[in-house]
Protein chains: 2
Amino acid sequence: MQEQTDPPDEPSPGLVSTAIQAITQHIRSEGLAPGDPLPSEAAMTRQLNVSRTVVREAFRSLSAMRLIDMSAGRRATVAKLDTGAMSMVIEHGITTQQISVQQVYDVRRTIEMRTVALAALRRTDQEAAAIGQSARLMRENFSNPEAVMEHDIAFHEAIAAASHNPVFSLIVTAFSGVTRRTWVIGWRTRSSDEAQLKMIKGHEDIADAILKGDPRLAAEHMAEHFDKSVKALLDAGIA
Amino acid sequence: MQEQTDPPDEPSPGLVSTAIQAITQHIRSEGLAPGDPLPSEAAMTRQLNVSRTVVREAFRSLSAMRLIDMSAGRRATVAKLDTGAMSMVIEHGITTQQISVQQVYDVRRTIEMRTVALAALRRTDQEAAAIGQSARLMRENFSNPEAVMEHDIAFHEAIAAASHNPVFSLIVTAFSGVTRRTWVIGWRTRSSDEAQLKMIKGHEDIADAILKGDPRLAAEHMAEHFDKSVKALLDAGIA
DNA sequence: GACAATAACCTGTCATACAGGCTTTTTTCG
DNA sequence: CGAAAAAAGCCTGTATGACAGGTTATTGTC
């Protein structure tokens, strides 16, 4: 058996938590869709019989998680799926050293081996074009590492989008922040222009395999890409 | 040497967002670890030159994401990695029909094919025991579906933990909420006791493979398990 | 030196106030 | 009559002050 940290009784989870639950419950029970408006703060205040402070902190919390959208003067609305909260959790794990960059890469590899295969099977022509475009822009901006990185990130997100499973997109996008903070290290480790161009070639190979609709080949190239990336990070001493 | 009150031009992402960033920035720059205390609200109020309302909403937002822990009378502290925020994002996606249960299962399958293999390679004896224990408890509570479900969930989370990669644990645990809301449907679809026992046997096979340290076999059983689970959900008409 | 009383600080919640953004209604003018 | 402009009304963003109750540090006593 395992040790539980929660005491057996939790009488008051706090008014704010209660309010948060009431709001999410409202979304569920009313079957609200993205864009639909939520009750005003005043209405919630009356319904829950608490102060506006409490209701406001609840709304603000949901807004911070990007579950709802708030803006001045208008009512809050149900938000489209967004990676905001996940990104913050991952970043928090990294900055407090509870997870390592290498662990993130291991998860990315696992997921992207799947997204790339799905993309090869399910991509539309437009999505294939977007993926190819990102790879092409990496080469064209070769002399500008920052630009290469952004197109690299866009490349991976485009593949996730082409998997037609928004959960994959969510996760892959959540990792982009970590990538932004470590990408340059991997790039510098590829000391020669030749090594750097080879890395870009790897992306083009993946794009081609997706365009051809060959999931096995796409996954093979993706595996190779990740193995090299992780090796680059390890060479640079990233734990 | 630094911050004056009003930067001349900022499209104003809002004072609260600014405060949130200031707090996370503080965690980063001070290199805080889980359990370390953050500045008091009053201190933050002075430092950012905003009202306590703003600072409070920022703290509360971070608390809702489980990035910090708050409790009455004590200062907020840096939180241990927690799946709270991720769970809420996934649940939000499900309730607003932006993602389907089947899409979640596809992601789970992808991830757990990896965690089970890693668990077979890296599990400690204690972890192997915990995994086996969960499988055993599933069988022992056979007549109580709710209990079977909880041990099923614990089983998968234990495997993720045994992968020794907290990011996997984070994601697997984030999906547990969805499982709780759909598990019974799959269970009912297995109409006969025989079919239900076979499903439990599948878990025991996985546990055995992990105990034996055979990643390939473990992954094979896990694949089978997921294929049957997804089939059960599809038979029940889950989109 | 141990221990209890107390002071100081901190968070949780409430009430109120006001500036400014949106939306709807009313008014006015063509 | 119709359309544009003005006003009214609701809504959110932020600030301030107040007080209850929990937590920690200090002090004073034995």
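Chain letters run A, B, ... following the sequence lines, proteins first, then strands; residues in each count from 1.
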Nearest of [options] to any side-chain atom of [X]?
X	options	result
A:Leu15	D:dT12, C:dC14, D:dA15	C:dC14
B:Val16	D:dT14, D:dT12, C:dT11	D:dT14
A:Arg56	C:dC10, D:dT14, C:dT13	D:dT14
A:Glu41	D:dG13, C:dT13, D:dA15	D:dG13
A:Ser40	C:dC10, D:dC11, D:dA15	D:dC11

Spacing of [X] atom [atom1] relative to [N] atom [atom2], expressed in whole Å:
X	N	atom1	atom2	answer
B:Glu57	C:dG12	CD	P	13 Å
A:Met70	C:dG21	CE	P	16 Å
A:Asp69	D:dC11	CG	P	19 Å
B:Leu48	D:dA15	CG	P	10 Å
A:Leu38	D:dC10	CG	P	20 Å
B:Phe59	C:dT13	CZ	P	16 Å
A:Arg60	D:dG13	CZ	C1'	7 Å

Checklist entry - Which letters describe nucleotides 18-25 of chain D, given B = protein heavy atom under 4.0 Å from base, S = only from sugar-phosphate, - = neither? => result B---BSS-
Item to check | Test item: side-chain donor near acceptor, B:His164 and B:Glu127, under 3.5 Å | outcome: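 Yes, a side-chain donor-acceptor pair sits under 3.5 Å.
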Checklist entry - Which residues pass the salt bridge (charged side-chain N to carboxylate O under 4.0 Å, His left out) test with A:Asp106, sequence neighbours left out? => result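 So A:Asp106 forms a salt bridge (charged side-chain N to carboxylate O under 4.0 Å, His left out) with B:Arg114.
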Item to check | salt bridge (charged side-chain N to carboxylate O under 4.0 Å, His left out) involving A:Arg52 - partner list, sequence neighbours excluded | outcome: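 Salt bridge (charged side-chain N to carboxylate O under 4.0 Å, His left out) list for A:Arg52, sorted by chain: A:Glu41.
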Next on the checklist: The criterion is ring pair (Phe, Tyr, Trp, His ring centres under 6.0 Å); which residues satisfy it with A:Phe59, sequence neighbours excluded?
Outcome noted: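 A:Phe59: no ring pair (Phe, Tyr, Trp, His ring centres under 6.0 Å) contacts found.
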Checklist entry - What pairs with A:His225 under ring pair (Phe, Tyr, Trp, His ring centres under 6.0 Å), at least two apart in sequence or on another chain? => result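 If we apply the ring pair (Phe, Tyr, Trp, His ring centres under 6.0 Å) test to A:His225, skipping adjacent residues, the hits are A:His156, A:His203.
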Item to check | Interface with DNA chain C, restricted to residues 25-35 of chain A and to heavy atoms under 4.0 Å | outcome: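 Nucleic-acid contacts, sorted: none.
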Side chains of residues 140-147 of chain B: which donor-acceptor pairs under 3.5 Å do they make with residues two or more places apart or in other chains?
residue: B:Asn141; atom: ND2; partner: B:Leu137; partner atom: O; Å: 2.8
residue: B:Asn144; atom: OD1; partner: B:Glu146; partner atom: N; Å: 3.3

Checklist entry - Is there a side-chain contact between B:Val172 and B:Glu112, using heavy atoms and a 4.5 Å cut-off? => result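 Yes, their side chains come closer than 4.5 Å.
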Checklist entry - Under the side-chain hydrogen bond (donor to acceptor under 3.5 Å, both in side chains) rule, what pairs show up with a residue in residues 30-40 of chain A, not counting sequence neighbours? => result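 Applying side-chain hydrogen bond (donor to acceptor under 3.5 Å, both in side chains) to every pair that reaches into residues 30-40 of chain A, excluding sequence neighbours, yields nothing.
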Could you pull out all donor-acceptor pairs under 3.5 Å where a side-chain atom in residues 179-186 of chain A meets a protein atom, sequence neighbours excluded?
residue: A:Thr179; atom: OG1; partner: A:Arg108; partner atom: NH1; Å: 3.1
residue: A:Thr179; atom: OG1; partner: A:Phe175; partner atom: O; Å: 3.3
residue: A:Arg180; atom: NE; partner: A:Glu150; partner atom: OE2; Å: 2.9
residue: A:Arg180; atom: NH2; partner: A:Glu150; partner atom: OE1; Å: 3.1
residue: A:Arg181; atom: NH2; partner: A:Glu91; partner atom: OE1; Å: 2.6
residue: A:Thr182; atom: OG1; partner: A:Val178; partner atom: O; Å: 3.1
residue: A:Trp183; atom: NE1; partner: A:Asp152; partner atom: OD2; Å: 2.8

